[in-house]
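Index from 1, following the sequence. All values reported here derive from a predicted model rather than from experimental measurement.
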Amino acid sequence: MAAKTNLQSLKNVVEHCELTGTEFLELTAYVLHIHRYLSDPLHLSQLGIDSAATVDVYELLVTDRVTKRKVVLDPSLSIYIQSGQITEGSCVKFTECSVKYDETDLQQRSFLVVHQLTVEAERHITLSDISNIPWCDDCDEIEKTASPLTSSRGYYINIWSSVELEGEVWKRGTIEKLDGLGDVSPVDVYSLKELSKNWRVLKGPPVVIKVLSKKRILHYAKPFKNDKWPLQAHLTVCDRSGCATLVLWNSLCPELYHRLKEGEVLLIQKYTVKKSFHHVDHYRPPLPDGLTMYDIDINVNSHHPVGIVRVISSDAIPACLNLPTIQYNIIQRKDLGCFPSDYVCDITGLVTYVGRFFRERMTGKSDLDTGAFWISRWLELKDQSSQKTCKVLIYRPAEINIYKDVMPGKVLICRHMRIVSNMSHIHASKDNRNMYLTSTGSSHIEIVTGDCAQPHVNDVLTWSQSYKEELTMAGYYSYPPIPTTLAELKNYYEDLKITTSEELRLELGRLSYREHKRLFLFIDNNKIEITTSEELRLELGKLSYREHKRLFIQGQMIAVKYQTKSLSRTRKKEDCSMEVIVNDPLYHQFEQELSSSVIAPPFSYKFDTEMIANLLQFPSVLNRAVDSSELEVSDDSKGCFMIYWSGLNSKILIPTMWMCGPVSTDLTTLLHIRNHTFKHTRNNKDIMEILQSAKQCNGQKFLLVIDAYKPTYNITEIVLNTAYKL
């Protein structure tokens, strides 16, 4: 067996092996951090790759506990990152490496490329302050900074989303602050109205503007183009004469974007003006009263010309400028139903529930880009005006750190949110609109930490201090709720694509890590396409990390099991299960799998304490999660129902997790009842009545609505949302 080496001498050892043809000396290291960026032609030439077989490039910051360095992963190893097998803290063993030189650089920079590795699954380290670990002596200054080793890119992006940029590059740079206009006279300041009329002849005269809102950064990197900073940031700005769009280009985005806040006043010089080229924003925040949006873009760049952006202190703004004030449009929960769908407003409230992260595939993006996802999560906010919570679906806003810091018990101000009403499905005056709010491209989220200038925000903050009800986090969350009848479902999904039972295995097999997908199975001859059971595994296999899919599939019930595991700290953990067989022939066909606590991928259920704890975080149909802290102190054995199904043509086993409420003990009724809350204190008699009622389902065909989610690389959660009798 080859001898081992250390990280300090790794590059020299690899070069020696390449020159002499000797066996590579394997190295074991721990992953401190994973970096990702998008490929470009320079990266391909540096690695000697002929074609862009992949868009993603991954670098690992690794250590042998003595020193640290960065290495580039060969594209063939990307699956280790994308599947979650390599994470921060993982132990990896490099078995094949090479040293590459940047032949376009006269300094002859070199970097290590790992071509083969293995993951030591049982070995991990707890990450500590990595700044205390010294770099290897042969690491250059670029390797020690938050810059890619290869390509022309100047930044890293999030592992799981290409819309979120990461690294120290966003923390560098400053913006000049002025007490007044500095060397600019008030008479030399142009208004936006004047600029919009004469922009073809004016050469970047000084303008003083206030920031009304800012959009997410536009990341337009292409794998076939060498761009160091392919970034744009659009801000809506105004003065007393009107509004316009301010565009920060390229390297100004990391320098200024996070330093410019809503309400700040800017002095802009040396810029270019063009007619707006971006599409019309249907969800633009309301403009100050009486102001017009001019169809111009004020473009500020770091070159040709070098733009000047300075902030004017709020107490030093000349009175003659008379800039508009920032207007809030805060609505209370009790008034939410008074506003139409797509109405843009602000809302404030106490966070009572924070959902887990979901990844949603972007349309029109290359499948090769594993970060072509939007990242979202559900929140529930509450104020003193109503007993009902306000459902809020937020996508990554501009303030990335705020997004991560949102926790139950915090008071938020959510600006520029859009109302979604689902009015097309309302047929009677008493029908529930199932309203919720979702973020727009300009949404701004702020955690309230003290007194606010808005009285309503202060009222919520004062009220929240006496709030004593349950605060919850994570768990399964389904909103808006599925209709209660099959007829309503058909109307709800007018263009419902049905997955046939033959296709179901394929559809499930496509599910990627933490991916969710909604599938529909054949209902009748109303031209609804159905996902088959054959496609199910394919769909699940395509799920990516944290991705969710809703699937509709036709099936028949095999068995129902009440699965529990004691979560007590004081007594021995013992499994407890009660089971009723519904279909004997099918049960005997799958008996070996049903009797095992582990079901083969892509389902991969393993009933242990952690899994049961996660199951019990599922909310009721009222969309409230169970408080996970209750699980840690309870001495009760708790569990959930497992309902096992089979496809109609393809006899594939479909295990689904399901939780029911206390209103009935008739399983066929509970499967699609929406207005109940799960009660953990059910006694064995109640549970047995539910299990026994399942025998009525023998020979019955169902349309299953299942939610699939991939929380880890080797587990796919399959939750039964609703089942309709056919």
Side-chain angles (χ1 to χ4, degrees), residues 173-215 217-218 220 229-257 259-281 284-285 287-314 316-326 442:
T174 58
I175 184 168
E176 184 181 357
K177 293 190 177 182
L178 300 176
D179 290 326
L181 297 181
D183 56 354
V184 177
S185 172
V187 298
D188 295 329
V189 175
Y190 275 70
S191 70
L192 292 179
K193 183 176 181 179
E194 293 172 318
L195 194 63
S196 68
K197 291 180 178 179
N198 305 298
W199 61 270
R200 288 181 175 86
V201 296
L202 295 175
K203 302 299 182 183
V207 293
V208 176
I209 51 181
K210 177 174 286 189
V211 178
L212 293 178
S213 64
K214 60 181 185 179
K215 286 183 169 293
I217 285 184
L218 175 61
Y220 57 90
W229 304 103
L231 308 169
Q232 281 184 29
H234 291 232
L235 292 78
T236 302
V237 296
C238 72
D239 63 9
R240 63 181 178 179
S241 69
C243 304
T245 301
L246 174 67
V247 183
L248 303 178
W249 283 86
N250 307 127
S251 61
L252 285 187
C253 289
E255 289 182 19
L256 302 179
Y257 182 76
R259 291 167 177 80
L260 299 181
K261 309 296 182 182
E262 287 190 4
E264 284 190 327
V265 178
L266 310 178
L267 173 62
I268 309 294
Q269 295 173 274
K270 295 185 179 181
Y271 53 85
T272 60
V273 180
K274 294 182 180 180
K275 282 289 184 181
S276 294
F277 67 91
H278 53 279
H279 66 280
V280 177
D281 187 353
R284 184 189 299 276
L287 302 177
D289 294 339
L291 296 187
T292 300
M293 189 73 189
Y294 297 118
D295 190 25
I296 58 172
D297 286 344
I298 303 172
N299 298 278
V300 185
N301 211 324
S302 59
H303 56 83
H304 301 95
V306 179
I308 299 176
V309 180
R310 292 179 285 184
V311 174
I312 303 175
S313 300
S314 58
I317 301 172
C320 61
L321 296 178
N322 193 24
L323 295 174
T325 58
I326 292 289
S442 302

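Looking at Lys214, its side chain does come within 3.5 Å of a backbone N or O of Tyr257 through a donor-acceptor pair. Judged purely by atom type and a 3.5 angstrom limit, Asp179 has no side-chain atom pairing as donor or acceptor with the backbone of Ala316. Between the side chain of Lys210 and the backbone N or O of Pro324 there is at least one donor-acceptor pair closer than 3.5 Å. The backbone N or O of Ser191 lies less than 3.5 Å from no partner atom in the side chain of Arg240, so there is not a single donor-acceptor pair. Looking at Tyr271, its side chain never comes within 3.5 Å of a backbone N or O of Lys203 through a donor-acceptor pair. For Asn299 (side chain) and Asp297 (main-chain N/O), a donor-acceptor pair under 3.5 Å exists by modelled atom type.
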Next item on the list: Determine, stepwise, if the pair Thr245 / Met293 fulfils side-chain contact (heavy atoms from CB on, under 4.5 Å).
Entry: CA-CA 9 Å; Thr245 301; Met293 189 73 189; 3.4 Å; yes
Notebook entry, point to check: Is there a side-chain contact (heavy atoms from CB on, under 4.5 Å) between Leu195 and Ile298 once you walk through the steps?
Noted result: CA-CA 9 Å; Leu195 194 63; Ile298 303 172; 4.0 Å; yes
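The shortest distance between side-chain heavy atoms of Thr292 and Lys193 does not fall below 4.5 Å. Under the 4.5 Å side-chain criterion, counting only non-hydrogen atoms from C-beta, Thr272 is not in contact with Asn301. Side-chain contact between Arg259 and Glu264 is absent, with no heavy-atom pair separated by less than 4.5 Å. A heavy-atom distance below 4.5 Å is not found between the side chains of Leu256 and Val300. Contact check for Leu202 versus Val273: no side-chain heavy atoms found under the 4.5 Å cut-off. Side-chain contact check for Leu181 versus Pro318: some heavy-atom pair is nearer than 4.5 Å. Within the 4.5 Å cutoff, the side chain of Pro288 has heavy atoms near those of the Leu212 side chain.
To the nearest 0.5 Å, atoms CG (Leu178) and CG (Leu266) are separated by 10.5 Å. In this structure, CH2 on Trp249 lies 10.5 Å from CG on Leu231, to the nearest 0.5 angstrom. Tyr294 contributes atom OH, which lies 9.5 Å from atom CD of Glu194 (distance to the nearest 0.5 angstrom). Atom-to-atom distance recorded for Ile326:CD1 and Ser213:OG is 8.0 Å, nearest 0.5 angstrom. Between the CG atom in Leu246 and the CD1 atom in Ile209 there is a gap of 5.0 Å [rounded to 0.5 Å]. A distance of 11.5 Å separates CG of Leu235 from NZ of Lys261, quoted to the nearest 0.5 Å.
For Ile312 against Gly180, the heavy-atom pair with the smallest separation is CG2-O, 3.5 Å. The shortest heavy-atom contact between Asp295 and Lys275 is O-CD, 3.4 Å. Taking both residues in full, the closest heavy atoms of Leu291 and Gly242 are given as CD2-N, 3.9 Å, listed atom of the first, atom of the second, then distance. Nearest heavy atoms, Leu248 versus Leu260: CD1-CD1, 4.0 Å. When all heavy atoms are compared, the tightest approach of Ala244 to Ile296 is CB-CG1, 3.9 Å. Heavy atoms only, all atoms of each residue included: Leu267 and Pro206 are closest at CD1-CB, 4.1 Å.
When each of Pro254, Ser302, Cys253 is tested with Trp229 by the rule side-chain contact (heavy atoms from CB on, under 4.5 Å), just one qualifies, namely Pro254. Partner of Tyr190 under the side-chain contact (heavy atoms from CB on, under 4.5 Å) criterion, out of Asn198, Val207, Asp239: Val207 alone.
More than 12 heavy-atom neighbours from other residues, nucleotides or ligands sit within 6.0 angstrom of NE2 on His303.
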